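One structure is given below, encoded as structure tokens.
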Amino acid sequence: METTSNSSDFIREIVKEDLQAGKVQQVVTRFPPEPNGYLHIGHAKSICINFEIAKDFNGKTNLRFDDTNPLKEDVEYVNAIKEDVAWLGFTWDGLFFASDYFEEMYDRAVVLIKKGNAFVDDLSAEEIRQTRGTLTEPGQNSPFRDRTVEENLDLFARMRAGEFKDGEKVLRAKIDMSSPNINLRDPVIYRIAHATHHNTGDKWCIYPMYAFAHPLEDAIEGVSHSLCTLEFKDQRPLYDWVIRECEMPHISHQYEFGRLSLTDTIMSKRYLKKLVDEGVVDGWDDPRMPTISGLRRRGFTPESIRTFVRELGVTVGSGEVDYKMLEHYIREDLKLKAPRTMGVIRPLKVVITNYPEDQVELLDAEVNPEVPEMGTKQIPFSREIYIEQDDFMEVPAAKYFRLFPGNEVRLKNAYFIKCHDVVKDENGQVVELHCTYDVETKSGSGFTGRKVKGTIHWVDAKSAVPVEFRLYESLLTGSKEDGDFIDRMNPNSLEVVHGYVGADLQTAQPQDKFQFFRHGYFNVDPKDSTPEHKVFNLIVSLKSSFQIK
RNA sequence: UGGGGAGUCGCCAAGCGGUAAGGCAACAGACUUUGACUCUGUCAUGCGAAGGUUCGAUCCCUUCCUCCCCAGCCA
């Protein structure tokens, strides 16, 4: 279930005003990822904002790869990003690469040089850093700042021609070394990198920097509202400077919103990559990862993510959202979509001693009690079943109304059973229960003779399908005060358990989602699940107000 | 410290001078063949602080405090 929110936000207000004032004829936004890693839930926010705002105003949205740094980028990432955006449910109007515009960017840099607004600098990276000044002190002009236009033109052409080594020269914008905004202190706009680019191969050995390339990309595509996160706020004057000084015919404007943070969640691409590279997780799509592909494998739906993001709103605040809020939206979505079924995660065998030895009966069960239209199915029941270990206590805790010696409970969709004997192994561990059932209490029979407090789930032992359950917790524990990510890794983020599901799940397919009664929502793992050995990923557990004290 | 941004319930977030929406979480109760769902209640005399303007301020002014971002030839 996806909600439609008609609430506005400060960006939509700006767009509305621009349209009304005639400043903008056509709304064009873009999602501009750098293909240097996989997309995560934070990017999902940006994707939703860009696509949905454009849609609200009958505009267009481009998917544009900001591939200006060949050292970090790879086609593997561009393919993954395309898949993730599409899976989230968005269709881009134009598919572009910053590298499509390298030639024009070069030409615009030449325009800058000719106007005396850019110069080739021989200073080393270290020297540039040292002369940039500090937060409180202005920087110093480079000794190469006053080279003639002719010399700059010649040097820049030779940079492109490959006459210089990496780091030997850069092209810098000539703005103001004493600006209180450090981004305006003659920022580097081109650097030399003799590296093979995933798109342009070895055609180029100089690459534009983000601050120079991004505004040009937007202007070239006719982007009307360039939406980015808050940390780019200080770049805005530079963004406007580049478009103006490069004499771009279309003028784009940048607006910033607060990025998404989630509790106990790593949102740093750099660190996520590290987890992948070091094998801490099973790749970018490990179900514990906050990546789009990880959430997909975990079992989240695109609708739940979109609704979550929409309900978050668009603001300039920078808070940390409770992961419980994301969980709420996936529960809400799956509540009406996921078939109900029974699975026993930690099995305890129960023998129903008064049930005929070789009898098997089929019981009716609703596919989803909340959605009668989903119909019913039949599940087998016989003398031996498995129940959850947690659903039995030899010495019951306070307010415990599940199974214990002498107590009667309802078996979901089946009969009342009462526990008579407890079988233990040599260590005193309970290994089996002997119960009796009451044939009159059959589910659906309308029996009202007596009531029981508890209903527990079960799986018929004979037809049970052994499966693997993967139970997840967040990758991090504690809070920021507890240290860096490395100190906060949760050792229990994955627990693998072997149990049983009913025969009705024999045909479950990868990515099928179910609600196991009284447990939670699970997804059939698409990577490790086979027809013979099914793996179920815990998406989110059901809420519970009961705690054994 | 210079520049930029933000401070409304535990979290997110409306509010745009007329007397604090909503969602998440939490708690209490009802219902229950999921201790789920659903339903019903409770949950900021208060909007970072202190002054001021005003009949009236979360919204305007002043000062102060706290947090986040910027000193990559990353994006």
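The sequence lines fix the lettering, A, B, ..., with proteins before strands; numbering per chain opens at 1. Note: hydrogens, waters and symmetry copies are ignored here, and every other heavy atom, side chains too, is used. Remember, it's a predicted structure, so these values are computed and weren't measured experimentally.
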- request: Evaluate the ring planes of A:Phe102 and A:Trp204, with Trp represented by its six-membered ring, and classify them as parallel (under 30°), tilted (30 to 60°) or perpendicular (over 60°).
  value: perpendicular
statement: Of the candidates B:G3, B:A25, B:A6, the side chain of A:Val316 sits closest to B:A6
field: Inter-nucleotide P distance (B:G22, B:G41), Å rounded
entry: 12 Å
- request: Flag the pair A:Arg259 and A:Glu231 as a salt bridge only when some basic side-chain nitrogen lies within less than 4.0 angstrom of an acidic carboxylate oxygen.
  value: yes
- prompt: Can you tell me how far P of B:U34 sits from CZ of A:Arg340, to the nearest Å?
  reply: 11 Å
- line: By nearest-heavy-atom nucleotide on RNA chain B, the more 5' of A:Lys451 and A:Leu135 is A:Leu135
- request: Would you mind calling B:G48 syn or anti? Take O4'-C1'-N9-C4 for purines or O4'-C1'-N1-C2 for pyrimidines, and syn is within 90° of 0.
  value: anti
message: Given 3.5 Å as the limit, does a donor-acceptor pair link the side chain of A:Thr131 with the main chain of A:Glu127, or not?
response: yes
message: Could you tell me how far apart A:Arg410 (CZ) and B:U32 (P) are, to the nearest whole angstrom?
response: 12 Å
A:Arg518 vs B:G35: side-chain N/O to OP1/OP2 distance below 4.0 Å: yes
query: Salt bridge between A:Lys174 and A:Asp186, side-chain N to carboxylate O under 4.0 Å?
result: no
task: Look at the side chain of A:Asp234 and the base of B:G3, then say whether one donor and one acceptor between them are separated by less than 3.5 Å.
output: yes
message: What is the separation between atom CG on A:Leu230 and atom P on B:G5, rounded to the nearest whole Å?
response: 9 Å
G-U wobble or Watson-Crick pairing nucleotide for B:U1 (cut-off 3.5 Å, both distances): none
- prompt: If you take atom types as modelled and just measure distance, does the side chain of A:Thr455 reach the base of B:U34 with a donor-acceptor pair under 3.5 Å?
  reply: no
statement: Scanning all shown strands, the Watson-Crick or wobble mate of B:U66 with both distances under 3.5 Å is B:A6
message: From CG of A:Asn368 over to P of B:C37, roughly how many Å is that when rounded to an integer?
response: 14 Å
A:Tyr355-A:Glu361 side chain donor-acceptor pair, cut-off 3.5 Å: yes
message: Using atom C1' in both nucleotides, what's the gap between B:A13 and B:U8 to the nearest angstrom?
response: 9 Å
message: Ignoring hydrogens and geometry beyond distance, is a side-chain donor-acceptor pair present between A:Gln378 and A:Asp364 at under 3.5 Å?
response: yes
- request: Check whether any side-chain N or O of A:His328 sits under 4.0 Å from OP1 or OP2 of B:C24, and answer yes or no.
  value: yes
query: What integer distance in Å separates A:Lys412:NZ from B:U34:P?
result: 5 Å
- request: Please measure how far the C1' atom in B:C47 lies from the corresponding atom in B:U19, and state the result in whole Å.
  value: 13 Å
message: Can you confirm whether the side chains of A:Glu73 and A:Asn36 place a donor and an acceptor under 3.5 Å from each other?
response: no
Below 4.0 Å: OP1/OP2 of B:U32 and any side-chain N or O of A:Lys453: no
message: Roughly how many Å apart are B:G35 and B:G23, using the P atom of each and rounding to a whole number?
response: 26 Å
task: Quote, to the nearest angstrom, the P distance that separates B:A21 from B:A44.
output: 11 Å
message: Does B:G3 have its OP1 or OP2 closer than 4.0 Å to a side-chain nitrogen or oxygen of A:Ser179?
response: no
- request: With P as the reference atom in both, quote the distance from B:A26 to B:U53 in angstrom, rounded to an integer.
  value: 46 Å
task: Give a yes/no on whether any side-chain N or O of A:Thr68 is located under 4.0 angstrom from OP1 or OP2 of B:A75.
output: yes
field: Pair assignment for B:C47, Watson-Crick or G-U wobble, requiring both distances under 3.5 Å
entry: none
message: Using whole Å, what does the distance between atom C1' of nucleotide B:A71 and atom CE of A:Met177 come to?
response: 10 Å
- prompt: How far, in whole Å, is B:G2 from B:A57 if one measures between their P atoms?
  reply: 34 Å
query: On a plain distance test, is the side chain of A:Arg129 in donor-acceptor contact with the base of B:G72 below 3.5 Å?
result: no
- request: Grab the CE-P distance between A:Met325 and B:A13 for me, whole Å please.
  value: 9 Å
- request: Report yes if a donor N or O on one partner sits less than 3.5 Å from an acceptor N or O on the other, where the partners are the side chain of A:Gln515 and the base of B:U34; otherwise report no.
  value: yes
- request: Quickly work out the A:Leu326 CG to B:G23 P distance and round it to whole Å.
  value: 18 Å
message: It should be established whether A:Lys324 places a side-chain nitrogen or oxygen under 4.0 Å from OP1 or OP2 of nucleotide B:C11.
response: no
message: Does B:A13 have OP1 or OP2 under 4.0 Å away from a side-chain N or O of A:Thr315?
response: yes
Short side-chain N/O contact to B:C73 OP1/OP2 from A:Arg132, under 4.0 Å: yes
field: C1' spacing across the pair B:G48 / B:U40, given as an integer number of angstrom
entry: 35 Å
query: Does the side chain of A:Arg191 get closer than 4.0 angstrom to OP1 or OP2 of B:A75 through an N or O atom?
result: yes
field: Basic-acidic side-chain contact under 4.0 Å: A:Lys269, A:Glu34
entry: no
message: Partner lookup for B:A25, please. Criteria are Watson-Crick or G-U wobble with both distances under 3.5 angstrom; report none if nothing qualifies.
response: none
